[in-house]
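Chain identifiers are assigned alphabetically (A, B, ...) following the order of the sequence lines, protein sequences preceding nucleic acid strands; residue numbering begins at 1 within each chain.
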Amino acid sequence: MAQNDEGKEKRKIKATGRMKEIMTSYYIDAKTAEQTGKKVAWITSGGPVEPLIAMDIIPVYPENHGAMIGSSKMGVDLCLKAEEMGYSSDLCSYARSDIGCAPVSGGPIGGLPKPDMLVCCNNICGTVLKWYEVQARYFNIPLFILDTPFTHVGFSAEAKNYVKRQILEYIGFLENATGKKFDHDRMREVGKLSLEGQRLWQAVLDMAVNRPSPLSAFDAFFHLALIVTLRGTQQTVDYYKLLLDEMQERVSQKIGAVANEQYRLLWDNLPIWYRMKWLSDKFAAENACLVADTYTTAWCGSMKYIREDDFLDTMAEGYSRIYLNIGVDQMADQVIAMAEKYAVDGIVMHSNRSCKPYSFGQYDIQRIVAEKTGIPTLMIEADMVDARNFSEGQVETRIEAFIEVLKGKRRTLEK
Amino acid sequence: MKIHEDFSKIIHDPYGYAANLNDEKKIVGTVCSYVPEEIILAAGATPFRLFGSFEKTRLADAHLQSYGCSLAKGVLEDALAGKLDFLDGVVFTHTCDTMQRLSDIWRINVKDIFHLDVILPVKLDTESARAYYRDVLQTFRVELAERLGVTISDDDLRRGIVASNRIRRAFGRIYDMTAQAPGILQGEELYMLDRAGMMMERNRFADLIEETANKLSENVTNHTGASAPKRIFLEGGICNYPDIFNIIEESGGVVAGDDLCTGFRYFSGLVDETNPDPILAIADRYIRRISCPAKHQGTTVRGERLVEMARERQAQGVVFFLLKFCDPHAFDYPYLRDTLEKAGIPVLMVEVDDPLQGEGQLRTRLEAFMEMI
Ligand code: SF4
Ligand code: SF4
């Protein structure tokens, strides 16, 4: 028993403490922005934050807030609040909990700091457009929409033109909102830091190719916060260097995220925030490690389109071609590439009632992956924040049955 | 007034109608009122709006989860079941998240006919969006011509525009008359006209609808206005239920106007026939037209225009039809409700799903609403 505890202690990621510090001071900064005279912009998770950083505007992420609400199990209450206001319970629970939260300053941190402006990029979904319209009316503040045309099969020349023009409009919007000129030199710096942060984050995730994997998707969900919120800052670069060092150290000492890694799995879709611990224990108990996921890589997946020396101009394409803004067949290709890269035995798909753009098409991805690779998939029906859509008994049974399938496959292989 | 029997025929057997028509015409399936039908007409083909037939969706269930709207599922089901084999191709436009994915799923699973995406801008209130809108339609024109093996000249486009405008003008007249003398057409008949106008060969339809408008205008002067039913304006998305119109009328209401995806929104606004750039003229109509909630014309425009429309039609109440799992409409509902109520217009919300459930309850709610307003 004592030995077991010791192993557990060894497996804890040490950088976690630093991460909490950074996030706490970031939220304090944001919450006191009014006193310090800084502007606050709410921005969607897939939106281009770099120009905000370059303008010294504090970016705040309602989706990150949604995740915190989910993790602290306050989602159902706030969703109910939105439903009382007339929002259907079938809408995205990030949106519902944030909309429900605003008038009551509820949630784990007493509500988000009030925004001076809103920046909505629809590269992740159409939901954010409607959600930001709601908040623009509620707070009565300007809304900028960066419209990134969907890239079913490719990114057309006209779409590229359109997004590029909007990047200039975005800058004009920020200049208006702050009364300051945009500093292009500063932007170049921020662009470099952003790319460096993304590379480091990808390098951290890449560590999972090792056996045992030094980190799990559950760790990635947690350590993701900085690449989302503070992309483009030195702080983020420093932090991911620290984390990468630790991961390398773990690899050399063969410290795995899961004590006895037997099965390696790939997670698809958003986390189930209110059940992270339960799920992580559940899989660990089956000696299964979720080594990678399609969600946390979304913040560095389109790096290839961005040029370091010309960030502003090339980000139009980078931001338009992110994971959720591409066709289902391209998503399937990426899932297969990840499955191969991380050498997984199975895929766990979270069919997430809240997120239609992420979830519709999963059945086809499942089929394509099976046809091309033979890798089996487990489909879990749930919701990322609204715990009313989670059935523990059902999920538990399905996970156990899935592990049995993997065991059976392995036995046949060994014969 | 009795409407022409061709209207009811096509409503009762749309696919049979299309299969026949297909002997002489190419047919292009559409899923949304944003598909630029003038361009399809210019190519000599007939745009045919798909609604899905509302049966069991066994095949579609293998591709779309239970939380997809019944429109998406119904359309996919029919495609997978081979019921849409009369189509030469299908055109998707960028509206909601469900449509995006439906387009992908269709493209991957339904072979043999062409598939095109028209990836429209989501915001409609900037110059750059307008330029992009034009570019996208121009690309569509080229791609469609290629798929159909034709060329589309500017004159072809102008002919397409004239045909669509004829239909829109006639509908404009009809809607004005029903507002002025509600009851001259039953709600269900209006529903049939709307639907037929999205499926029938358009020249034929234009003749018939003009004839209908003319006949109605004779009636409208003689109309005495029955027992003063309550004037209702309908707002919402897809409405596949002719029964709802009957229920409204039986509850003491009359439909004085609508802003439904499958109703007047489809026909509202004309394309400028004098614009030397016909593609830009088509884009401009969509940019100015009352928008679908999946598009952005400003944060308060939909509310303002809805109040305006309801007032114009002298509506005593607005009934929302929200299709279950339809996100864009569900997001706008609370704000539209509040805006209407602030303007003193009472609101009733009805959530509908396929098949229509709880008809008795729906009737009771509508009756109570009619009494209240
Ligand atoms: S619908 Fe999906 S992508 Fe959009 S905000 Fe909700 S969870 Fe995020
Ligand atoms: S707009 Fe609504 S009805 Fe239309 S496809 Fe999307 S979810 Fe379905």
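- Proximity of B/Gln100 to A/Val328: side-chain heavy atoms (C-beta onward) are nowhere separated by under 4.5 Å.
- Heavy-atom distances place the side chain of B/Tyr333, and not its backbone, under 4.5 Å from chain A.
- With a 4.5 angstrom heavy-atom cutoff, B/His63 touches chain A via backbone and side-chain atoms both.
- A distance of 5.0 Å separates CD1 in B/Ile119 from NE2 in A/His152, rounded to the nearest 0.5 Å.
- To the nearest 0.5 Å, atom CG of residue B/Asp332 and atom OH of residue A/Tyr87 are 8.5 Å apart.
- Here the CG-CD distance, from B/Asp104 to A/Gln330, works out to 8.5 Å after rounding to the nearest 0.5 Å.
- Neither the backbone nor the side chain of A/Ile124 comes within contact range of chain B; no heavy atoms are under 4.5 Å apart.
- Counting only distance, with no hydrogens or angles, the side chain of A/Asp364 and the backbone of B/Ile105 share no donor-acceptor pair below 3.5 Å.
- Among the residues in residues 127-135 of chain B, those with a non-hydrogen atom closer than 4.5 angstrom to a non-hydrogen atom of chain A are B/Glu127, B/Ser128, B/Ala129, B/Ala131, B/Tyr132, B/Asp135.
- Nearest heavy atoms, A/Gly126 versus B/Asp97: N-OD1, 2.6 Å.
- The neighbour count for A/Gln394 CD, taken as heavy atoms of other residues, nucleotides or ligands under 6.0 Å away, does not exceed 12.
- When heavy atoms are compared at a cutoff of 4.5 Å, B/Ile108 approaches chain A solely by way of its side chain, counted from C-beta outward.
- Of the two parts of A/Asn389, neither the backbone nor the side chain holds a non-hydrogen atom closer than 4.5 Å to a non-hydrogen atom of chain B.
- Interface residue B/Asn109: only side-chain heavy atoms are found under 4.5 Å from chain A.
- Chain B forms more heavy-atom pairs under 4.5 Å with one residue of A/Cys125, A/Ser89, A/Gly361, A/Ala95 than with any other, namely A/Cys125.
- Put simply, the side chain of A/Met85 does not reach to within 4.5 Å of the side chain of B/Pro334, judged on heavy atoms.
- Taking the side chain as every heavy atom from C-beta outward, A/Leu143 and B/His296 approach each other to under 4.5 Å.
- Using a 4.5 Å heavy-atom cut-off against chain B, the contacting residues of residues 114-122 of chain A are A/Asn122.
- Interface residue B/Asp61: only backbone heavy atoms are found under 4.5 Å from chain A.
- Heavy atoms closer than 4.5 Å to chain B are found in the side chain of A/Arg367, but not in its backbone.
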Would B/Gln65 and A/Gln362 count as a side-chain hydrogen bond (donor to acceptor under 3.5 Å, both in side chains) here? Give the steps. CA-CA 9 Å; B/Gln65 284 94 325; A/Gln362 273 177 325; 3.3 Å; yes
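- Residues of residues 159-167 of chain A placed with any heavy atom under 4.5 Å of a heavy atom in chain B are listed by number as A/Ala159, A/Tyr162, A/Arg165, A/Gln166.
- Looking at A/Gln366, there are no atoms closer than 4.5 Å to chain B (heavy atoms on both sides), in backbone or side chain.
- Contact annotation: the side chain of B/Lys123 never approaches that of A/Leu129 to less than 4.5 Å [non-hydrogen atoms, C-beta and beyond].
- Residues B/Val122 and A/Ile145 have side chains not in contact (no heavy-atom distance under 4.5 Å, counting atoms from C-beta outward).
- When each of A/Ala136, A/Ser88, A/Ser359 is checked for heavy-atom pairs under 4.5 Å with chain B, A/Ser359 comes out on top.
- Of the listed residues A/Glu158, A/Glu169, A/Arg137, the one with more heavy-atom pairs under 4.5 angstrom with chain B than any other is A/Arg137.
- Counting heavy-atom neighbours within 6.0 Å of B/Lys342 NZ, excluding the residue itself, gives a total of 12 or less.
- For chain A, the option among B/Phe331, B/Phe92, B/Tyr335 with the highest count of heavy-atom pairs below 4.5 Å is B/Phe331.
- A donor-acceptor pair under 3.5 Å is absent between the side-chain atoms of B/Arg101 and the main chain of A/Lys356, judged by distance alone.
- Heavy atoms only, all atoms of each residue included: A/Asp329 and B/Arg107 are closest at OD2-NH1, 2.6 Å.
- Looking at residues two or more places apart in sequence or on another chain, you find a ring-ring contact (aromatic ring centres under 6.0 Å, His included) between B/Tyr67 and A/Phe360.
- A salt bridge does not link B/Asp327 to A/Lys130: none of the charged nitrogens lies less than 4.0 Å from a carboxylate oxygen.
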